[in-house]
Amino acid sequence: MTMRHPLIAGNWKMHKTPQETEEFIVELLPKLAGVGEIEVLIIPPFTSLDRSGTLLQGKSLQLGAQDLHYEAEGAFTGGISARMLAACGCKYVLVGHSERRELFGDDDTIVARKLNAALDSDLMPILCIGETLSEHDLVEEKITRQLTQDLTGVGGKALAKITIAYEPIWAIGTGKTATPEVAQETISMIRRWIASHYDEAAAQGTRILYGGSVKPANAVSLLAQPDIDGALVGGAALVPGSFAQIVDAARL
Ligand code: PGA
């Protein structure tokens, strides 16, 4: 028996205006009838959040943000705080997505601060970790380092609010997916790390997603793995039809 509810999350990255977001939501909602225990989440750009929050009130589709600033407020031009995101209706926030790490300079110290800022304001962080192609042989070391540094100061109670997304960087936006077996192996390794640094109950209770070129065609076999609790989807989440098919794969 698992207490972990599947989560299918669509990370839109830098795509869609507020109007395009509204059109997507209107098309997606009827396709989600009867999703039951599966949580479905869209993560649009900041500029679409306020309108999305209004449209999604009382609906079975959750809202998340792609990033946050670790300070609550102040002279941080361009920054968006956790409280601002929560006020738009966000329940989740991505922290440490590989594009933030690689293109915007979010190192593990910053990721840890963002994670704690999200937790302090009751947003549920989705902590993204994963290795590059050249690090693939050393995946355990990379993942262990990220978990150790990113979860600095996070106790067991706070961990229960965190979803982890394992995203091999070589599989993001490349069309190359980790095989279900490789994804399963790495995700079970993450669970073992949690067991040894927290406890077995925490390891079994933590929701861990796979991300990296998830498509309707490969979603069923990925989601069938015992330790994979859902998917963080980029490209295939931009079209309501293909995103809904991935949600359907989680129903099986
Ligand atoms: P992709 O992106 O599905 O387009 O590979 C995944 C992600 O970056 O979260």
Side-chain angles (χ1 to χ4, degrees), residues 6-16 20-21 24 28 39-46 48-49 61-68 85 90-106 111 114-115 118 123-133 135-136 139 142-143 146-147 150 162-180 182-184 186-187 190 207-223 225 228-250:
L7 173 67
I8 305 296
N11 170 19
W12 292 5
K13 311 189 179 187
M14 200 167 72
H15 293 281
K16 296 193 195 292
E20 289 161 351
T21 300
F24 178 100
L28 180 68
E39 253 195 295
V40 186
L41 167 68
I42 55 167
I43 310 175
F46 290 133
S48 288
L49 292 178
L61 176 60
Q62 305 295 337
L63 185 65
Q66 298 175 15
D67 185 41
L68 78 165
L85 299 176
C90 288
K91 179 175 174 189
Y92 288 94
V93 62
L94 294 181
V95 177
H97 187 277
S98 63
E99 285 149 19
R100 297 294 319 175
R101 294 178 189 260
E102 288 193 334
L103 306 173
F104 297 91
D106 286 11
V111 170
K114 290 184 170 185
L115 196 72
L123 285 175
M124 297 179 60
I126 300 176
L127 172 64
C128 304
I129 56 175
E131 83 288 2
T132 63
L133 190 56
E135 294 165 334
H136 188 48
V139 58
K142 173 74 183 281
I143 298 281
Q146 286 184 320
L147 288 169
D150 298 350
I162 299 175
T163 295
I164 294 175
Y166 167 59
E167 299 202 300
I169 295 166
W170 48 270
I172 295 178
T174 58
K176 290 185 199 139
T177 322
T179 61
V182 167
Q184 161 64 27
T186 310
I187 288 177
I190 294 169
R207 186 160 58 180
I208 310 181
L209 315 179
Y210 169 79
S213 296
V214 176
K215 304 271 181 287
N218 58 28
V220 173
S221 55
L222 286 162
L223 295 171
Q225 300 298 316
I228 301 183
D229 304 322
L232 181 55
V233 187
L238 292 172
V239 178
S242 67
F243 187 54
Q245 280 181 46
I246 295 170
V247 173
D248 285 340

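Both counts, for ligands and for their atoms, begin at 1 and track the order of listing. Residues take their numbers from the sequence shown, with the count starting at 1.
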> Does only the side chain of Cys128 get under 4.0 Å from ligand 1, or the backbone, or both, or neither? Count heavy atoms.
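Under 4.0 Å from ligand 1, Cys128 contributes no heavy atoms.
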
> Which atoms of ligand 1 are found less than 4.0 Å from any heavy atom of Leu232?
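Contacts of ligand 1 toward Leu232, numbered from 1: 9 (O).
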
> Ser213 heavy atoms, cut-off 4.0 Å: which ligand 1 atoms fall inside?
1 (P), 3 (O), 5 (O)

> Side chain to side chain contact (heavy atoms under 4.5 Å, CB included) with Val233: which of Leu238, Val247, Val214?
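With Val233 as partner, side chain to side chain contact (heavy atoms under 4.5 Å, CB included) holds for just one option, Val214.
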
> Strictly distance-based, threshold 3.5 Å: is any side-chain N or O of Asn11 a donor or acceptor partner for the main-chain N or O of Gly234?
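A pair under 3.5 Å: no.
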
> Between Ile126, Ile208, Asp229, Leu232, which is the residue that forms a side chain to side chain contact (heavy atoms under 4.5 Å, CB included) with Leu7?
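When side chain to side chain contact (heavy atoms under 4.5 Å, CB included) is applied between Leu7 and each of Ile126, Ile208, Asp229, Leu232, only Ile126 qualifies.
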
> For Gly212, take its heavy atoms, then give the atoms of ligand 1 lying under 4.0 Å from any of them.
5 (O)

> Please round to the nearest 0.5 Å and tell me the distance separating atom OG1 of Thr186 and atom OH of Tyr210.
9.5 Å

> Taking only heavy atoms of Gly235 into account, list the atoms of ligand 1 that are under 4.0 Å away from them.
1 (P), 3 (O), 4 (O)

> Is there a donor-acceptor pair closer than 3.5 Å between any side-chain N or O of Gln146 and the backbone N or O of Gly130?
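It does hold such a pair.
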
> Taking the side chain from Arg207 and the backbone from Thr163, do they hold a donor-acceptor pair closer than 3.5 Å?
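It does not hold such a pair.
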
> Backbone, side chain, both or neither: what part of Asn11 comes under 4.0 angstrom of ligand 1, heavy atoms only?
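Only the side chain of Asn11 comes within reach of ligand 1.
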
> Do the rings of Phe24 and Phe243 sit parallel, tilted or perpendicular, given the 30° and 60° boundaries?
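The rings of Phe24 and Phe243 sit tilted, inter-plane angle from 30° to 60°.
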
> Nearest 0.5 angstrom please: Thr132 OG1 to Ile172 CD1, how far?
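Thr132 atom OG1 to Ile172 atom CD1 measures 11.0 Å (nearest 0.5 Å).
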
> How far is atom 9 (O) of ligand 1 from the closest protein heavy atom, and which atom is that?
Glu167 OE2, 2.6 Å

> Has Lys215 got any heavy atom lying under 4.0 angstrom from an atom of ligand 1?
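Checking ligand 1 against Lys215, which is what was asked, there is no heavy-atom contact under 4.0 Å.
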
> Compute the minimum heavy-atom distance from Ala171 to ligand 1 and say whether it is under 4.0 Å.
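Yes, Ala171 has a heavy atom closer than 4.0 Å to ligand 1.
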
> Which of the atoms in ligand 1, numbered in the order shown and given with their element, are less than 4.0 Å from a heavy-atom of Gly173?
1 (P), 4 (O), 5 (O)

> How far is atom 3 (O) of ligand 1 from its nearest protein heavy atom, and which residue and atom is that?
Gly234 N, 2.8 Å

